[in-house]
Number of protein chains: 2
Amino acid sequence: MNKRKRQIIQAARELFIKQGFGNTSIMDIIEAAKISKGTFYNHFSSKNECLIAILEESRDELTNARRELALNQNPSDINELIDQISLIFHLSRKENFTQMFSTTFDSNDQEIKEVIEKHMIIEVDWLANRFIDIYGEKLRPISFECAIHSFAIMVFSLHLLNIATGSAPPPEKVVKVALNRIDTVIPILLETKDILFHEDIVQSLKSKISTAAVSKESLIEQLQGFVDQLSDKDSDRCIELANFLLVELKKNDEKLYVLESLLTSFNHAFNQTPHEKEAKEIANSLWQYLYSKKEKFNICTY
Amino acid sequence: MNKRKRQIIQAARELFIKQGFGNTSIMDIIEAAKISKGTFYNHFSSKNECLIAILEESRDELTNARRELALNQNPSDINELIDQISLIFHLSRKENFTQMFSTTFDSNDQEIKEVIEKHMIIEVDWLANRFIDIYGEKLRPISFECAIHSFAIMVFSLHLLNIATGSAPPPEKVVKVALNRIDTVIPILLETKDILFHEDIVQSLKSKISTAAVSKESLIEQLQGFVDQLSDKDSDRCIELANFLLVELKKNDEKLYVLESLLTSFNHAFNQTPHEKEAKEIANSLWQYLYSKKEKFNICTY
DNA sequence: AACATTTTATACTATCAGTATAAAATACTA
DNA sequence: TAGTATTTTATACTGATAGTATAAAATGTT
């Protein structure tokens, strides 16, 4: 991530949080970021694109935070799930971006609308997988249904509690209640199959967020290229971690849990360095690779 | 409702549906309505105010349609409730106003945001009362909880089905599933009281939509004034209905069911007349008066 | 017919998104 | 270090739009 770009995103983010997206003009951002108009348009083609970058960043933050929570935890522990879910509401409050996760934010802008829809599907898909972690494979056919119902209850309840009390309530309690509802309903759903989100609908939703599967070869290639460009300027910590990942990955019997454990350190090591963005991309690919082996090795969804 | 104003609202409504609120400029509305800029600002101080007028109108349409469905029906019939609920989704689709009923539509505009929040509370409050119609008084303490959960599931599910299939699914099926979920959960809720929306929270929400109670005296006064201004120009039907309502209302033992039955006719009679708006206001007051006697007389919530 | 109102046509201000460009600053490289 | 490439800056411009102002014309009322 470019230094300038980060500077702009930082300023824009603060302004959006403080005064809202619609009430922030590009000129406001430019002044706050202390850059010229040309520079802004050098990095973003519009205010929308800037917002989308912020949203993507938030999503990455969320994903990383959840993965860290999951480390060395039991994926079927309901309390861990409560904390993981709550993160999105803590984040969206911090960001003042209720719209980011809203059901039906009706942006004027098709572009933004689609990005937000995508984020919502990602969230629901994640939750569906976590439900399978907890309730087991038998839940798979109704996992999306459960995820959508519980997420709906959470978002709505938090929103209405917010309106009622004038301040944002702690999400944990709300999440817990929503999960209790789902817990009550699951036996009946399994029995009656009275659901809306059948296989075909779920596939259709997933297709909108599908990312190409990460092959081991491409991952090694990507990491090799990354390691090669590291120089003496980079810290020993960075170099050591990157090299270790590469060597481990090249083995035929790579240790998945070891790789998983090192991912967070690897991610953090490159913060604030010129390689930050690429490091995060690699971490993401690697995590997706590990995830694709999940069924065999029972690694937690996040 | 003024003729001009109606003309503007009509044009604006069509444009908003066709190309969205944000993509419609005031000049577009002016051209479509074939009026001048001055006239527009003569009736609305901004595009927002125009949107709010349309939203209010939609809400009135919805309320009227639901009341008509309720006439001569058993309030505890679940199928009637399904149809009544579905109306809002049919309407919001027709209007292309998903945001109208969205959870967290984050408008740039505080004004619009509050109107939408108000409409949402009205909807949830209505649904809570209908649940009491169906499940009985024992449900009252958890009626809001049930309403919020089921409405959340409906809105979310419809939205995601819409994304998945690319076209709006019939709401009835979705409504039915959501009501089934609530039906499953109610016994546990009654038993454990594990709810988020307790008395105080519900009161706080209701306070945001509270309308002053309608007294019989003020109602008679309002109706008397209305009748007095009717002239030969108005149809016999109009005059007869208005007078009958007035006479009946003045009795000490006014017949509530008779009044209720006549309300719809009264409402329709003044359509397209200069008195339309006032007639609708009176009908609304009268209905609220009847509703305030509901407990005693068991008139359906709508 | 006289008066009051609403509507129209038109011009104006102000804000904002986005484009264009030349000069200055910075980074890269041989 | 000198020279080249790039990024950034300052500035001016276009075009769209919200909203204001106003005088004349149309319409309604009594």
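Throughout, protein chains are lettered first and strands after them, A, B, ... in sequence-line order, and every chain is numbered starting at 1. The structure displayed is predicted, hence computed values, not measured ones.
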task = Respond yes when some side-chain nitrogen or oxygen of A/H43 is under 4.0 Å from OP1 or OP2 of D/dT8, and no when none is.
result = yes
query = Any salt bridge between B/E123 and B/K118, counting N to O under 4.0 Å?
reply = no
inquiry  = Under a 4.0 Å threshold between the charged nitrogen and the carboxylate oxygen, would A/E57 count as salt-bridged to A/R6?
reply    = yes
request  = For the pair B/E61 and B/R67, find out whether any cationic side-chain nitrogen is under 4.0 Å from an anionic carboxylate oxygen.
outcome  = no
ask   = Rounded to whole angstrom units, what separation is found between the CD atom of A/E31 and the C1' atom of D/dT9?
value = 14 Å
message = Check whether A/F21 forms a cation-pi arrangement with A/K47 (NZ or CZ under 6.0 Å from the six-membered ring centre, at most 45° off the ring normal).
response = yes
request  = Please state whether the phosphate of D/dT7, meaning OP1 or OP2, lies under 4.0 angstrom from any side-chain nitrogen or oxygen of A/R4.
outcome  = no
ask   = Nearest-Å distance, CG (B/N42) to P (D/dA26)?
value = 18 Å
ask   = How long is the line joining CZ of A/F44 and C1' of C/dA17, in whole Å?
value = 16 Å
request  = Could you grab the distance from atom CD1 of B/I116 to atom CD1 of B/I121, nearest 0.5 Å is fine?
outcome  = 12.5 Å
query = Once each nucleotide of nucleotides 11-25 of chain D is scored for protein heavy atoms under 4.0 Å, what B/S/- sequence comes out, 5' to 3'?
reply = ------SBBB-----
request  = I would like to know whether B/S215 and B/S218 meet side chain to side chain donor-acceptor pair (under 3.5 Å); could you show each step before the answer?
outcome  = CA-CA 5 Å; B/S215 72; B/S218 69; 3.1 Å; yes
